Amino acid sequence: QVQLVESGGGLVQAGDSLRLSCDPSPGTFNTFTNYVVGWFRQAPGKERQFVAAITWRGGSTLFADSVKGRFTISTEHAKNMVVLQMNSLKPEDTAIYYCAGRLYGLRTIPSDYSDWGQGTQVTVSS
């Protein structure tokens with residue numbers, strides 16, 4: 001099982017930006033050629049929601065409609081890391097953000113991902 005660690009959450013005001021990082025177990029992207037990293041978020045009392053995903057090798061991306069034009073997902077190969085850059089944040093973006101991993105394709109359903117981090121809190125005030 002691949003271990004994932006998220007970081008970068010915090011408290012910001014509406015319109016601000018945050019940079020979240022997902023750091024998988026060393027060697028993950030070499031061992032699993034087609035590994036995919038996704039970001040999900042979950043607010044209290046709500047279902048876990050897809051945010052964005054990226055393929056490590058090819059850099060193909062997929063975004064939820066709610067974050068298109070505001071969020072960017074990217075790979076930093078030298079640091080063995082995936083970054084979610086969140087801009088123009090809104091109060092409705094407030095949630096715990098999780099990174100997740102799977103093989104072979106960009107998917108939007110949480111159950112399609114086999115590896116999960118512990119989550120990092122993002123709070124956006126008005």
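These figures come from a predicted structure and were not determined experimentally.
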Give the C-alpha distance, both sets of side-chain angles, the deciding distance and a yes or no for side-chain contact (heavy atoms from CB on, under 4.5 Å) between L103 and V36. CA-CA 6 Å; L103 298 176; V36 173; over 6 Å; no
Dump the intermediate steps for side-chain contact (heavy atoms from CB on, under 4.5 Å) on T123 and V12, then the final yes or no. CA-CA 6 Å; T123 302; V12 298; over 6 Å; no
Derivation of the side-chain contact (heavy atoms from CB on, under 4.5 Å) call for V2 and Y35: CA-CA 10 Å; V2 174; Y35 202 74; 3.6 Å; yes
Do W116 and F40 have ring centroids that are under 6.0 Å from one another? yes
Distance from Q13 atom CD to S126 atom OG, nearest 0.5 Å? 9.5 Å
Could you give the distance from CZ (R57) to CG (N34), rounded to the nearest 0.5 Å? 8.0 Å
How long is the gap from OG on S17 to CZ on F71, to the nearest 0.5 Å? 9.5 Å
Shared ILVMFWY cluster between F50 and L4, side chains joined below 4.5 angstrom? no
Short side-chain to backbone donor-acceptor contact, E6 and G119, under 3.5 Å: yes
Give me the other members of the hydrophobic cluster that V5 sits in, counting Ile, Leu, Val, Met, Phe, Trp and Tyr linked by side-chain heavy atoms under 4.5 Å, directly or via other members. none
Walk me through whether V83 and L20 qualify under side-chain contact (heavy atoms from CB on, under 4.5 Å). CA-CA 6 Å; V83 171; L20 305 184; over 6 Å; no
In this structure, are over 12 heavy atoms from other groups packed under 6.0 Å from Q118 atom CD? yes
Hey, are R70 and D93 close enough for a salt bridge, meaning a charged N less than 4.0 Å from a carboxylate O? yes
Partners of D112 by salt bridge (charged side-chain N to carboxylate O under 4.0 Å, His left out), sequence neighbours excluded? R107
In short, Q121 meets A95 closest at the heavy-atom pair NE2-O, 3.4 Å
Using a 3.5 Å distance criterion without hydrogens, assess whether the side chain of S25 forms a donor-acceptor pair with backbone atoms of Q3. yes
Backbone N or O of G9 within a donor-acceptor pair of the T120 side chain at under 3.5 Å? yes
Please give me the minimum heavy-atom distance between I73 and V37, naming the atom from each residue. CD1-O, 4.1 Å
Does a side chain donor of either R19 or Q85 reach within less than 3.5 Å of an acceptor in the other side chain? no
Specify the closest pair of heavy atoms between T94 and A43, including all atoms of both residues, with the distance to one decimal. O-CB, 3.8 Å
Are any of the side-chain heavy atoms of S66 and K90 separated by less than 4.5 Å? no
Which pairs with one or both residues in residues 72-106 pass ring-ring contact (aromatic ring centres under 6.0 Å, His included), sequence neighbours excluded? W56-H77
To the nearest 0.5 Å, what is the distance between CH2 (W39) and OH (Y113)? 12.5 Å
Counting neighbours of CD on E76 that are heavy atoms of other residues, nucleotides or ligands and sit closer than 6.0 Å, is the number greater than 12? yes
For T55 and S60, indicate whether the former's side chain and the latter's backbone hold a donor-acceptor pair under 3.5 Å. yes
Do E47 and Q42 meet the criterion of a side-chain donor-acceptor pair at a distance under 3.5 Å? no
What distance do C99 atom SG and D23 atom CG have between them, rounded to the nearest 0.5 Å? 8.5 Å
With rounding to the nearest 0.5 angstrom, report the CZ to CG distance, F63 to L84. 7.5 Å
Flag side-chain contact, heavy atom, 4.5 Å: D16 against V124: no
